[in-house]
4 protein chains.
Amino acid sequence: MDSHTMAEKARKRRDPEERRAEILAAAFSLFSERGFAATRIEDIATRAGIAKGTVYLHFPDKEALFTSLAAGMASPILARMSAMTASDAMAPKTIIAGLYALAESEILGTDRRHMLRLLISEGQFFPVVAEFYHRNVLSVGLGMLRQVLQRAAERGELRNPALAAMPQLIFAPILMSVIWKSLFEPYEHLDTKALFETFLETLFLPSEGEDS
Amino acid sequence: MDSHTMAEKARKRRDPEERRAEILAAAFSLFSERGFAATRIEDIATRAGIAKGTVYLHFPDKEALFTSLAAGMASPILARMSAMTASDAMAPKTIIAGLYALAESEILGTDRRHMLRLLISEGQFFPVVAEFYHRNVLSVGLGMLRQVLQRAAERGELRNPALAAMPQLIFAPILMSVIWKSLFEPYEHLDTKALFETFLETLFLPSEGEDS
Amino acid sequence: MDSHTMAEKARKRRDPEERRAEILAAAFSLFSERGFAATRIEDIATRAGIAKGTVYLHFPDKEALFTSLAAGMASPILARMSAMTASDAMAPKTIIAGLYALAESEILGTDRRHMLRLLISEGQFFPVVAEFYHRNVLSVGLGMLRQVLQRAAERGELRNPALAAMPQLIFAPILMSVIWKSLFEPYEHLDTKALFETFLETLFLPSEGEDS
Amino acid sequence: MDSHTMAEKARKRRDPEERRAEILAAAFSLFSERGFAATRIEDIATRAGIAKGTVYLHFPDKEALFTSLAAGMASPILARMSAMTASDAMAPKTIIAGLYALAESEILGTDRRHMLRLLISEGQFFPVVAEFYHRNVLSVGLGMLRQVLQRAAERGELRNPALAAMPQLIFAPILMSVIWKSLFEPYEHLDTKALFETFLETLFLPSEGEDS
DNA sequence: TATGAATGAGTTTTCATTCAT
DNA sequence: TATGAATGAAAACTCATTCAT
């Protein structure tokens, strides 16, 4: 069995899980580039290096491709967030700062930001996806934030303790950045690092020993 | 030409501007409901009470319909914003509060919120629109906000004076609200009034004579 | 307006009813030749001298084409039968003989026999069609036959009076002939005239003054 | 090679003839239910408990499946008919009565009636099948009937001796019944026993010692 | 201007058949 | 032999756009 044979094998008869992942990766990049409606199944197949029909061996239809993608996107981010907020030892401000750093490196700095835009765009027409995200991502994420903000409020670290009741506000600048990057970055650069930093300093009082 | 004939004409040959406006209104409601791709020209025509072909007498193609719509949306909002921030007499906090009130009553509370979502969704694929908005809406709006925030900073009213350099943050909760309403409102209500209030109190120090 | 212009006109913008009829005619000939499944909408369009999409302006889908065709087929035959059996003046044997003559000239001798075969073949998968035929053709036709046979029985003209209770038997040789012509005629000719004549003489006693 | 291995083998490598028969049985039931075009090879394989590709080890293509099936159906029926008409000892009326009883119990009362309908439906598009049936079933069957009817005519038992020249008429009510059962039975029951009985009494004079 | 019938390119989805394992 | 993943030709149906009236 020489390497040629192996390469051949690599093209045919992949492990189903791998194949599925390849298709999802192709779909991801195309949906990101062009949006859901403008992406043809055939393009996805081509980008995945397979034939059109093969896509249908793994996904019943185009919608399933989108919903699988959306669902698959969530867990890694959630896991990170969870890991981050779990430790009571960390100061709330540090946790939120970490969240923004995560958003920058894992979403805004990667193709995943396209996916987030896609969820914003198409979510409304895929109630399954919206509900999934609300239940599995937002509820969980907001719950974690609420705890962190609550702790911060109790420790007197928040400029406005009422923030603990509105954890959605924490997400607002992330969404804003995603949208800005998608639409306006070519015309005007947005310094998200500075944006998050400014926002953080608006939410939290300066730590002791910190210069304002 | 008797009155009957005139009545006929009246139904047929409308004032072109009015016709155009009717078509745009129909397009607006359908794009809002279903998105750009899922809206058929024929549906727009039907809703406008005219024939399919007539749409093409007023707009060269489907894209033009969208871009015209997008451009047309901007001016009224801009005018309001402009009127509001113009007066140096008003306190910055009052101005921003007014902006949020405007967002609530004129965007979130109306079908216009769908259009904003549509701009977020489709804008990327319509660079003309994105550029138009950046030049005519964002630049102007952010410029005005920067001035207001600058003034607030000078008057010592901001919790974090650095905010003046990041006027985009002012928009963030509005975008967040639009997205939330579109996707998650059926699953969990968002109290935007409280959201904006909380955000406002986070940005600004309490006015004198105000209870914290 | 010269004849060229008229010919042009003839190709475009036909009277909708005429167009519909042309499409049905094309569908009829193709379904007859190839069966329902093997006929492509595009072929129907081509044969009707129009574009694929035009078919869909007149019929919502392929099934509707078939059901319309089936429904449309029925009425002329029914009218003929009705006219024939209506007159009490005619002798029952003459009426049935006329029915077979009609079957020969109007069904077996024309393309309509293909349609009858088609109904036999596909009817099961189009319950709408089967029900339509049962209600509007069979019930009516069998009712008429029952009356005629009843009258014949009362007049002592039937070899077996019990026939009046089984009018379906009258149709049996027609169906048999249609099937034979479709499948076996190339291998062995069936003389339907003789077949019907023989059957008729089997059902009825010889008229007076007739040689057996 | 222990018994376990043998059991494995037994499940995998069946006797080819048995395998073939299983596939045909599966094809039969599916063609009957859905028709030729609407039956997928994969469904046949599944119902036969094998993989799709295996079907192709036994039959070159879908058509071959149908023609094999059609050919295979013929012989048992033919054998029965043959056995029945062979005995000169039996009265012609009894023989024909037996034929109808056979048709009722072996065709109309079983799934085979679907197959007969299928032959009627699809036969035209499978000349091989039509020719096979004409040569091996019809010619033979009609020949036998012709003899029986000839004998009946000579014995003066037929109402109309000319029937001997039109043995196809004997089949007519069977075909009629198959078609009725397929299409109209849900809307109106057909009593085939009575139908055949009535037809028989129409063909034959009452036997002596029989009440009319 | 207004109409809406007509067009046909474009897209999704299916399924008979092949072939590497 | 047996498998079932892979293929890609084929077909139904859609809809932006055109154009004769």
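Computed from a predicted structure; not experimentally measured. Every chain is numbered from 1, with letters handed out A, B, ... down the list of sequences.
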Expressed as a whole number of angstroms, how long is the span from [X]:[atom1] to [N]:[atom2]?
X	N	atom1	atom2	answer
C:Ile41	F:dA12	CD1	P	6 Å
C:Ile44	E:dT7	CD1	C1'	17 Å
C:Phe59	F:dA12	CZ	P	15 Å
C:Arg19	E:dG4	CZ	P	17 Å
D:Phe66	E:dA16	CZ	C1'	17 Å
A:Asp15	F:dG4	CG	C1'	14 Å
D:Tyr56	E:dT18	OH	P	7 Å
D:Glu22	F:dA2	CD	P	10 Å

Considering heavy-atom distances to DNA chain F, does A:Pro16 or C:Thr39 have its closest nucleotide positioned more toward the 5' end?
->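 Its nearest nucleotide being more 5', the pick is A:Pro16.
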Under 4.0 angstrom, heavy atoms only, what part of the nucleic acid is D:Thr46 near: base, sugar-phosphate, or nothing?
-> nothing
Roughly how far, to the nearest 0.5 Å, is the OG atom of D:Ser68 from the CD atom of D:Glu63?
->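 It is 11.0 Å, given to the nearest 0.5 Å.
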Approximate separation, where rounding is to 0.5 Å, of D:Ile41 CD1 and D:Thr54 OG1 |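 Those atoms lie 12.0 Å apart.
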Polar side-chain contact C:Lys52-E:dT7 base: donor and acceptor under 3.5 Å |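 For C:Lys52, whose side chain was compared with the base of E:dT7, there is no donor-acceptor pair (under 3.5 Å).
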In a check of salt bridge (Lys or Arg N to Asp or Glu O under 4.0 Å) between A:Asp43 and each of A:Lys62, A:Arg34, A:Lys52, which one passes?
->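 For A:Asp43, the salt bridge (Lys or Arg N to Asp or Glu O under 4.0 Å) check succeeds only for A:Arg34.
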Below 4.0 Å: OP1/OP2 of F:dA6 and any side-chain N or O of A:His58 | yes
Verify the contact: side-chain N or O of C:Thr54 to OP1 or OP2 of E:dA5, cut-off strictly under 4.0 Å; return yes or no.
-> no
Strand partner of E:dA20, provided both Watson-Crick or wobble distances fall under 3.5 Å =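 Pair assignment: E:dA20 / F:dT3.
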Applying a 3.5 Å limit to both distances, which nucleotide forms a Watson-Crick or G-U wobble pair with F:dA10?
->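 By the stated definition (distances under 3.5 Å), E:dT13 pairs with F:dA10.
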For the side chain of [X], counting heavy atoms from C-beta on, which of [options] is nearest?
X	options	answer
A:Ala51	F:dG8, F:dA12, E:dT13	F:dG8
A:Arg40	F:dT18, E:dA16, E:dT11	E:dT11
D:Leu57	F:dT3, E:dT14, F:dA16	F:dT3

So which one's nearest nucleotide on DNA chain E is more toward 5', A:Ala38 or B:Ile50?
->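 The residue closer to the strand's 5' end, by nearest nucleotide, is B:Ile50.
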Pairwise 5' ranking along DNA chain E for A:Asp61 and D:Lys62, keeping only the more 5' one = A:Asp61
Audit row: B:Phe59, B:Arg20, side-chain contact (heavy atoms from CB on, under 4.5 Å) steps and yes/no | CA-CA 8 Å; B:Phe59 299 90; B:Arg20 218 184 118 90; 3.5 Å; yes
Can the ring centroids of A:Phe126 and A:Phe36 be said to lie less than 6.0 angstrom from one another?
-> yes
